[in-house]
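Notes to accompany the following structure.
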Amino acid sequence: MQIKGFVPTSFVDWDGKVSSVVFLPGCNFRCVYCYNIDLILYPEKLKTIEFITIKKHLLENKGLIDGVVLLGGEPTIHNDLPDLAKNIKALDIPVKLDTNGYNPDMIQNLLDNNLIDYVAMDIKAPLNEKYSKVTGVSIDLEKIKRSIDLLINSNIDYEFRSTILPSLHSRTDVIEMAKSIKGAKRYFLQQFKKERTLNPKFENARQFTKKEFESIKEECNKYVSTKLRI
Ligand code: SF4
């Protein structure tokens, strides 16, 4: 796998922690509101960073960071993801995985081999035909359900999270999404960023207001402890 981005210090990619962030190319989804366009569609345009460079930085700054976040794109599409996680864990540095949850076999592998310490998994839509509409690809919902079960029954810390916007998610949809992870440790509802999006129609899409977010959160809280990132 080629590493296509590295942020040495981030305060926003692992709640409560200072992290370094590694960006991996490609994705098996085509979410209409995705803003990682070059990373998922044209990774060859981006400079490749050798792991040895990242390793040097991590070793030099070990006392200053709490962990490394692996994100994409979608990291789990890379068969050698466990090797990358293993190389970071070998430095005695915790690893967080950000994933869309569409490769439960890979998540299982990483969990079984103690290669990840925290997982943030996206819930893109209610577990029905809307999942394909939001992700832009034909979805086998069983894979999403399996990843949800894996995390809820795992021994590591995790979160589920959803980026929501009114043109894609009704209030009922979001409540259904919360129901689909009932009993999970935590759920974050996130504001959609108005940026260049994969489907240009969404670049200026309306965002939920703070009041709407608060009201939806209250409903979701009946099923899973829900917080806002807005
Ligand atoms: S937003 Fe969707 S398409 Fe973009 S990187 Fe995440 S899962 Fe892939």
Side-chain angles (χ1 to χ4, degrees), residues 1-7 10 12-14 19 21-46 48 68-79 81 84 96-107 110 116 118-148 150-151 158-169 173-174 177 180-181 187-205 207-208 229-230:
M1 141 215 330
Q2 293 189 323
I3 294 170
K4 288 291 180 180
F6 179 63
V7 174
S10 166
V12 296
D13 287 284
W14 193 340
S19 60
V21 184
V22 172
F23 291 85
L24 303 174
C27 187
N28 41 5
F29 287 3
R30 292 289 180 270
C31 303
V32 289
Y33 55 75
C34 179
Y35 54 85
N36 284 324
I37 300 173
D38 286 346
L39 194 62
I40 71 163
L41 295 184
Y42 315 108
E44 67 284 353
K45 283 187 185 175
L46 306 170
T48 297
V68 172
V69 180
L70 303 178
L71 51 73
E74 174 50 41
T76 66
I77 63 171
H78 299 284
N79 290 335
L81 180 64
L84 176 61
K96 173 183 180 238
L97 172 71
D98 283 10
T99 179
N100 61 24
Y102 207 52
N103 191 345
D105 289 341
M106 175 62 81
I107 294 174
L110 294 165
I116 42 178
Y118 191 98
V119 177
M121 176 179 156
D122 297 332
I123 303 294
K124 301 285 188 185
L127 299 182
N128 57 34
E129 65 289 343
K130 264 214 166 168
Y131 224 97
S132 296
K133 186 181 165 202
V134 173
T135 58
V137 295
S138 174
I139 289 288
D140 173 358
L141 289 170
E142 288 309 312
K143 290 187 183 180
I144 301 293
K145 289 178 190 167
R146 224 184 110 209
S147 291
I148 292 172
L150 273 173
L151 292 183
Y158 63 86
E159 69 183 51
F160 294 100
R161 60 193 190 174
S162 297
T163 297
I164 55 169
L165 59 159
S167 51
L168 287 176
H169 305 95
D173 285 340
V174 185
M177 288 151 73
S180 71
I181 52 165
Y187 186 36
F188 287 95
L189 296 178
Q190 304 181 149
Q191 183 63 282
F192 153 73
K193 289 187 203 169
K194 287 196 178 202
E195 294 192 26
R196 182 175 157 239
T197 49
L198 198 55
N199 181 335
K201 262 188 7 198
F202 289 86
E203 275 167 27
N204 283 309
Q207 295 169 309
F208 280 114
R229 278 195 191 120
I230 58 176

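Predicted, not measured: the structure shown is a model, and the values here were computed from it. Counting starts at 1 for both ligands and their atoms, following the listed order. The analysis underlying the following values was restricted to heavy atoms, covering all of them including side chains, and did not include hydrogens, waters or symmetry mates.
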Are R161 and D98 ion-paired here, with the side-chain N under 4.0 Å from a carboxylate O?
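Result for this pair is yes, salt bridge flagged.
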Is any side-chain N of the basic residue among D105 and R146 closer than 4.0 Å to the acidic one's carboxylate O?
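So D105 pairs with R146 through a salt bridge.
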Using a 4.0 Å cutoff against the non-hydrogen atoms of [X], which atoms of ligand 1 qualify?
| X | result |
| --- | --- |
| G73 | 5 (S) |
| C27 | 3 (S), 5 (S), 7 (S), 8 (Fe) |
| K124 | 1 (S), 2 (Fe), 6 (Fe), 7 (S) |
| C34 | 1 (S), 3 (S), 4 (Fe), 5 (S) |

Sole residue of D122, N28, T135 in side-chain hydrogen bond (donor to acceptor under 3.5 Å, both in side chains) with N100:
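Exactly one option meets the side-chain hydrogen bond (donor to acceptor under 3.5 Å, both in side chains) with N100, and it is N28.
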Indicate the ring-plane relationship of Y33 and F192, choosing parallel, tilted or perpendicular according to the 30° and 60° boundaries.
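Y33 and F192: perpendicular rings.
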With a cut-off of 2.8 Å, does C31 put an N/O/S atom close enough to atom 8 (Fe) of ligand 1?
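Within the cut-off used here (under 2.8 Å), C31 places no N, O or S atom near atom 8 (Fe) of ligand 1.
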If we ignore angles and hydrogens, is there a donor and acceptor under 3.5 Å between the side chains of S162 and K124?
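Per modelled atom types, S162 and K124 side chains form no pair under 3.5 Å.
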